[in-house]
Amino acid sequence: MVQLKDTALLKRLAFIGGEWVAARDGASHEVRNPANGETIAAVPDMDAADTERAIAAAQAALPAWRARPAKERSALLRRWHDLVLVAEQDLALLMTLEQGKSLAEALGEVRYGASFIEWFAEEGKRAYGDLIPAPTADRRLMVMKQGVGVTAAITPWNFPIAMITRKVAPALAAGCTSVVKPAEATPLSALALAELAQRAGIPAGVLNVVTTARPALVGGALTASPVVRKLSFTGSTPVGKLLMAKCATTVKRVSMELGGNAPFIVFDDADLDLAVQGAIASKYRNAGQTCVCANRFLVHEAVFDAFAERLVRAVEQLKVGAGVEPGVQIGPLIDGRALAKVSRLVDEARSQGARVLAGGVVHALGGNFYMPTVLADVTSEMAVVREEIFGPVAPLMRFASDDEAVQLANDTPFGLAAYFYTRDVRRAWRVAERLEYGMVGVNEGLISNEVAPFGGIKESGVGREGSKYGLDEYLETKYVCHGGV
Ligand code: NAD
């Protein structure tokens, strides 16, 4: 049983054109609690025809929405933001139940998610154009920024609210309408957000949420539609590549926030306690299921043993359990497949010579719980540092020089986030410049916020979310040349 104060936030229908609707063929799929396998609710399992309906609703709502002054759109977004914060406890509980993260982390995500709505409510009012000095006396050259039109968002399960608001808030602020397809594991958070948007007065059709357990059907309709002018996707690199290729057929704009393989470098002059604190926050948050979480630790050989010892001590304090239990820091992994992947990566590394300093096995709680783990003597050939682990596992490798650390750090097709710890200012600048990553944390393990650009390079994606750059993703640049003046 879900005990929400505001029971209307638990939705069992999708949201299209301002109405709560079932799938046309009546199909539904169950949403389960990853901590105990229990069914929380069933939601519509929609297909391409349902998606077409949502696209049509977004298209119908577009002219009136884009015609409204940015200030009015801003006021509605601001009201949505306020309602999200009023409902923060219920939203956090719903998220913990369907996603698994601790209640404290879920509450943090609700507030983080809300911060994007607030930021873009303001930023939408500043979609400035330019007046360009003309090369001839009789002309006036103007550049105006206009919303791209109908947009689509496809989001993952690891941040069920923030990954939606980071896309929808700039879209709506820019005068675009949106069709959202949340991950099949976490549609309830998305539907609760839609309920609050409706209560805030955001007009019918401006935001639509299509739930499904058959993402390829919905994704196929969104990418094939010439009406949809932009797709913003957050998820794995293989699915991102597939969607980019599909978007090519209608030359859609795309933003891709894909997988990462973040290095966490500890230099020999690092403040080791600060580094351990950053490592815990970066690695073990959300049970390690974060695109920007440290995936491999590169530790200078002079401080390797000292860092490893302190990290193990901190990791052994982490409390594992269902996210709703007080004091829990590490919840379950999202499903059995994720658990099997983490187990495989650790077992393989161990068979290839890695030493287990902590954990290294499934948790005694059973189910989808894995022990917070630290591995030493890991080498760069092991899959545990080449693939995205997406679990509470810290593989430690040694290095001897700055050049070697940077070379190891850049030796991956990914380029999302990187972290390093040093007290040397010169090294801080030089290493930050040489790391081939979209985001770099220097002496800091938590770097995401609404005011800074979030995104990756190489196979970690294209485009940026949050910040003033996040609004640009939803704006076209139109040049107007006025002659005969
Ligand atoms: P995923 O790629 O399996 O799924 C992401 C979304 O894509 C889900 O909504 C899913 O239903 C949908 N999807 C899957 N196949 C599809 C298809 N054929 N057509 C259309 N949609 C399809 O990823 P996931 O397991 O949900 O999320 C974890 C991944 O997301 C990790 O790789 C992680 O690094 C990445 N991620 C990246 C960021 C970022 O900002 N760069 C943020 C969070 C997560």
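Whatever order the structure lists ligands and atoms in, that order sets their numbers, starting from 1.
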Inset, instruction - Anything under 30° is parallel, anything over 60° is perpendicular, the rest tilted; go ahead and classify Trp20 against Phe15. - result: tilted

Legend entry - Parallel, tilted or perpendicular: rings of Phe116 and Tyr112 (30°, 60°): perpendicular

Inset, instruction - Check whether any heavy atom of Trp157 sits under 4.0 Å from an atom of ligand 1. - result: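 Heavy atoms of Trp157 do come under 4.0 Å of ligand 1.
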
Inset, instruction - Mark the output for Arg337 as yes if a heavy-atom distance to ligand 1 is under 4.0 Å, and as no if none is. - result: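 It does not, in that no heavy atom of Arg337 comes within the 4.0 Å cut-off of ligand 1.
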
Are any of the side-chain nitrogens in [X] or [Y] under 4.0 Å away from the carboxylate oxygens of its partner?
X      : Y      : answer
Arg285 : Glu105 : no
Asp347 : Arg350 : yes
Arg78  : Glu118 : yes

When you look for heavy atoms under 4.0 Å from ligand 1, do you find them on the side chain of [X], its backbone, both, or neither?
X      : answer
Thr234 : both
Phe454 : side chain
Arg464 : neither
Leu416 : side chain
Leu242 : side chain
Thr237 : neither
Leu243 : side chain

For [atom], state which one of [options] supplies the nearest heavy atom.
atom                    : options                        : value
atom 32 (O) of ligand 1 : Glu388, Glu465, Lys246, Gln289 : Glu388
atom 7 (O) of ligand 1  : Phe390, Phe233, Phe414         : Phe233
atom 2 (O) of ligand 1  : Gly235, Ser236, Pro215, Ala216 : Ser236

Inset, instruction - Return a yes/no value: protein heavy atom under 4.0 Å from atom 4 (O) of ligand 1? - result: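 No; the ligand atom in question lacks any protein heavy-atom contact below 4.0 Å.
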
Legend entry - Residue among Arg296, Glu388, Arg386 satisfying side chain to side chain donor-acceptor pair (under 3.5 Å) with Asn261: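 Single side chain to side chain donor-acceptor pair (under 3.5 Å) partner of Asn261 among Arg296, Glu388, Arg386: Arg296.
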
